[in-house]
Amino acid sequence: MGAWVGELEKCWRTATSSGPHRSILVNLVAVAFIDSQGRELLTRMHQQGARLVPSGCLMKAIVEEIEAAVSTEKPL
């Protein structure tokens, strides 16, 4: 949340801009809360192929919602 969303986005941009497509895993094990900005960023990351790995009931539910929303989107 907050400034950490910007920091994660910087890391994400760096990881995705360096070379060929790599499989990226986002470990959410130590995450206890995700605000709307964080959720939006995780959604974009998942749309671009990142695998979100949650821990705990709340994070698992949030990741399931993100995955369900992404899988039902219509292609442009």
Side-chain angles (χ1 to χ4, degrees):
M1 71 179 189
W4 294 112
V5 175
E7 189 63 29
L8 176 59
E9 186 162 19
K10 278 195 261 182
C11 292
W12 171 249
R13 290 181 191 270
T14 299
T16 58
S17 68
S18 59
H21 297 319
R22 300 182 306 185
S23 178
I24 295 180
L25 179 119
V26 181
N27 185 340
L28 300 170
V29 171
V31 177
F33 177 78
I34 298 174
D35 65 7
S36 60
Q37 290 177 321
R39 185 182 180 114
E40 190 272 327
L41 176 58
L42 290 174
T43 300
R44 284 189 285 132
M45 293 169 76
H46 182 68
Q47 287 170 325
Q48 295 177 24
R51 183 171 155 232
L52 307 177
V53 180
S55 178
C57 293
L58 178 60
M59 288 304 115
K60 286 179 182 178
I62 290 172
V63 168
E64 286 174 3
E65 288 175 5
I66 289 171
E67 292 172 343
V70 169
S71 69
T72 60
E73 289 179 353
K74 295 179 183 174
L76 298 174

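As the structure is a computational prediction, the values presented were derived from the model and not from experiment. Heads up: numbering here begins at 1 and tracks the sequence. The analysis underlying the following values was restricted to heavy atoms, covering all of them including side chains, and did not include hydrogens, waters or symmetry mates.
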Path from Val70 to Leu42 over hydrophobic side-chain contacts below 4.5 Å
yes

Members sharing Leu25's hydrophobic cluster (side chains within less than 4.5 Å)
Val53

Glu9 meets the side chain to side chain donor-acceptor pair (under 3.5 Å) criterion, sequence neighbours left out, with Arg13, Arg44

Here the pair of heavy atoms bringing Lys60 nearest to Ser55 is CE-CA, 4.5 Å

Output the distance between atom OG1 (Thr43) and atom CD (Gln48), rounded to the nearest 0.5 Å.
11.5 Å

Do Gln37 and Met1 have side chains that get closer than 4.5 Å, going by heavy atoms?
no

What's the shortest heavy-atom distance between Ala68 and Ser71, and which atoms?
O-OG, 3.0 Å

So do the side chains of Ile24 and Arg51 get within less than 4.5 Å of each other, counting heavy atoms only?
no

With side chain to side chain contact (heavy atoms under 4.5 Å, CB included) as the criterion, how do Ile34 and Met59 come out once you've worked through the C-alpha distance, each side chain's angles and the decisive distance to 0.1 Å?
CA-CA 8 Å; Ile34 298 174; Met59 288 304 115; 3.5 Å; yes

Checking Leu58 against Phe33 for the side chain to side chain contact (heavy atoms under 4.5 Å, CB included) test, could you report, in this order, the C-alpha distance in whole Å, the side-chain angles of both residues, the deciding distance, and whether it holds?
CA-CA 8 Å; Leu58 178 60; Phe33 177 78; 5.7 Å; no

Between NE2 of His46 and CG of Leu52, what distance do you get to the nearest 0.5 Å?
6.0 Å

Which value, rounded to the nearest 0.5 Å, describes the distance between Glu67 atom CD and Glu64 atom CD?
7.0 Å

With heavy-atom distances below 4.5 Å as the criterion, would you say the side chains of Met45 and Leu8 are in contact?
yes

